[in-house]
Amino acid sequence: MTARAFFVLINLLFWTTVLGILCLLVGLIDWSGKLIGFIARIWASIILWSGGVSYRVIGREFLEPKKHYFFAGNHESAMDIPLSWAGIPYQLVSIAKIELLKIPIMGWAMVLAKHIFVDRSNHKKALESLELAKVSLQKHPRSIMLFPEGTRSIDGKIHQFKKGGLALAVQLGMPVVPVAMCGTRDIVKKKSKRLNPGYVELRFGEPINTAEWEDKDPVEFANYVRDRVIALKQAWIEGKKSSNY
């Protein structure tokens, strides 16, 4: 493990604990999860800073401040998570694996922030969790961050998008925003203990009106969203080549 990676790890453990405890206290007076969402953005910014990661957000003009969205992005690095929470200016929650509930402080804080937990090892329970999520989102509207690939990409390619979370967006009639995580794999790759400082971008595409997809194949919709993300990532690659950075 490099010195920088160790520094990030120390910051991750310290600030996750400190801000996680703060979230637990805030959760006693704010049941909406909005204040906890603000604290999460502070946490994300600290993690990026400690890793020497600077970032830029492109396409924010496509978003309306008072709306709620499903953000669907590629997943190629552990840095995608802090980049998402630092760069997306909404009360943002994830559809997370249920195992995270077992992590002290962090798991409890995620519950208070109204994250959605899914048992991915059991298909029936996963579907039940998504139905509960549907009710929860109708009662307490908030934005969702999805990584539809399901896991981080090892080779950097954008792999098949799973339909579950995106189908939920269609059922709720919430717009889906394609998101490209650009350059995060250069910071830290999956299974790597090396962390490099650098510059990354978070790119938004225009929101997709899910009402147009209500009677269409969910797999076709997942492929359509994936194609939009690939196009955003390709635009970044082409821009990088032309500017020689």
_Min side-chain heavy-atom separation Val57-Tyr55 under 4.5 Å_ = yes

*Determine whether Met181 and Ser77 make a side-chain contact, defined as any pair of heavy atoms from C-beta on separated by less than 4.5 Å.*
no

*Which atom pair, heavy atoms only, marks the closest approach of Ala86 to Leu48?*
CB-CD1, 3.8 Å

*So do the side chains of Phe7 and Leu195 get within less than 4.5 Å of each other, counting heavy atoms only?*
no

*Linking I/L/V/M/F/W/Y whenever any side-chain heavy atoms sit under 4.5 Å apart, do Ile42 and Val18 land together?*
yes

*Rounded to the nearest 0.5 Å, how far does CG of Leu22 lie from OG1 of Thr17?*
12.5 Å

*Contact summary for Val229 and Pro178, nearest pair of heavy atoms*: CG2-CB, 3.9 Å

*Within a strict 4.5 Å, meaning less than it, do heavy atoms of the Ile116 and Leu137 side chains meet?*
yes

*Have Ser136 and Arg142 got a donor and an acceptor in their side chains that come within less than 3.5 Å?*
yes

_Surrounding NZ of Lys97 (heavy atoms of other residues, nucleotides or ligands, distance under 6.0 Å), is the total greater than 12?_
no

*Please list, chain by chain and in numerical order, all residues satisfying ring pair (Phe, Tyr, Trp, His ring centres under 6.0 Å) with Phe147, sequence neighbours excluded.*
His75

*Please assess Trp213 against Val176 for the test side chain to side chain contact (heavy atoms under 4.5 Å, CB included), listing each intermediate value before the final yes or no.*
CA-CA 11 Å; Trp213 291 87; Val176 171; over 6 Å; no

*Cluster question for you: counting only ILVMFWY and a side-chain heavy-atom cut-off of under 4.5 Å, with indirect links fine, are Leu19 and Ile36 together?*
yes

*If you look at every heavy atom in Ala96 and Met110, which pair is closest and at what distance?*
CB-CE, 3.9 Å

*With no hydrogens and no angle check, is any side-chain donor or acceptor of Arg226 less than 3.5 Å from a backbone partner on Pro148?*
no

*Can you tell me if Thr2 uses its side chain to pair, donor with acceptor, with the backbone of Ala5 under 3.5 Å?*
yes

*asked:* Distance check, rounded to the nearest 0.5 Å: Lys189 atom NZ versus Arg152 atom CZ?
replied: 13.5 Å

*Between Asn74 (side chain) and Ile158 (backbone), is there a donor-acceptor pair under 3.5 Å?*
no

*asked:* Pair Cys182, Lys233 - check side chain to side chain contact (heavy atoms under 4.5 Å, CB included), show working.
replied: CA-CA 6 Å; Cys182 304; Lys233 183 72 177 291; 3.9 Å; yes

_Looking at Ser50 and Ile47, would you say the former's side chain and the latter's main chain have a donor-acceptor pair under 3.5 Å?_
yes

_Hydrophobic clustering (ILVMFWY, side-chain heavy atoms < 4.5 Å, transitive) - are Ile21 and Trp108 grouped together?_
yes

*Any side-chain heavy-atom pair from Val200 and Val53 closer than 4.5 angstrom?*
yes

*Step-by-step side chain to side chain contact (heavy atoms under 4.5 Å, CB included) determination, Asp80 to Glu76*: CA-CA 7 Å; Asp80 295 336; Glu76 56 186 46; 4.2 Å; yes

*For the pair Gln91 (side chain) and Ser32 (backbone), establish whether a donor and an acceptor sit closer than 3.5 Å, ignoring hydrogens and angles.*
yes

*Can Arg203 and Glu201 be said to form a salt bridge (Lys or Arg N to Asp or Glu O under 4.0 Å), step by step?*
CA-CA 6 Å; Arg203 292 192 168 217; Glu201 287 185 359; 2.8 Å; yes

_Glu214 side, atom CD; Thr210 side, atom OG1 - distance, nearest 0.5 Å_ = 7.0 Å

*Do you know the tightest heavy-atom contact between Gly20 and Ala109?*
O-CB, 4.2 Å

_Asp155-Ser153 side chain donor-acceptor pair, cut-off 3.5 Å_ = yes

*Which one of Val225, Leu202, Leu232 satisfies the side-chain contact (heavy atoms from CB on, under 4.5 Å) criterion with Val179?*
Leu202

*Do Ile39 and Val26 come close enough that some side-chain heavy atom pair is under 4.5 Å?*
yes

*Taking all non-hydrogen atoms of both residues into account, name the closest pair between Gly87 and Pro89 and its distance.*
O-CD, 3.5 Å

*Honestly curious: do Val118 and Leu101 fall in one hydrophobic cluster under the side-chain, below-4.5 Å linking rule?*
no

*Side-chain donor/acceptor of Asn196 to backbone N/O of Val188, under 3.5 Å*: no

*With distance as the sole criterion, is a donor-acceptor pair present between the side chains of Thr151 and Lys190 under 3.5 Å?*
yes

*Look at the side-chain heavy atoms of Ile, Leu, Val, Met, Phe, Trp and Tyr, link any pair under 4.5 Å apart, and say whether Ile144 and Leu100 land in one connected group.*
no

*Distance from Met174 atom CE to Lys134 atom NZ, nearest 0.5 Å?*
13.0 Å

_Using the rule given for side chain to side chain contact (heavy atoms under 4.5 Å, CB included), can you reason through Phe70 versus Leu168, listing the C-alpha separation, both sets of side-chain angles and the distance that settles it, and then say yes or no?_
CA-CA 9 Å; Phe70 268 68; Leu168 179 61; 4.1 Å; yes

*asked:* Strictly distance-based, threshold 3.5 Å: is any side-chain N or O of Thr184 a donor or acceptor partner for the main-chain N or O of Met79?
replied: no

*Would you check if the side chain of Lys163 reaches a backbone N or O of Val219 as a donor-acceptor pair within less than 3.5 Å?*
no

*So which heavy atom on Phe221 is nearest to which on Leu166, and how close?*
CE2-O, 3.8 Å

*How many angstroms lie between atom CG of Asn11 and atom CD1 of Ile46, to the nearest 0.5 angstrom?*
7.5 Å

*Atom NZ of Lys114 with >12 non-hydrogen neighbours under 6.0 angstrom*: yes

*Between Lys157 and Glu149, does at least one N-O distance fall below 4.0 Å, as a salt bridge requires?*
no

*asked:* Looking at Tyr224, is its backbone amide N or carbonyl O close enough to the side chain of Asp227 to form a donor-acceptor pair, meaning the two atoms are under 3.5 Å apart?
replied: no

*Between Phe62, Tyr69, Phe71, which is the residue that forms a ring-ring contact (aromatic ring centres under 6.0 Å, His included) with Phe204?*
Phe71

*State the NE2-CG distance between His115 and Leu92, to the nearest 0.5 angstrom.*
7.5 Å

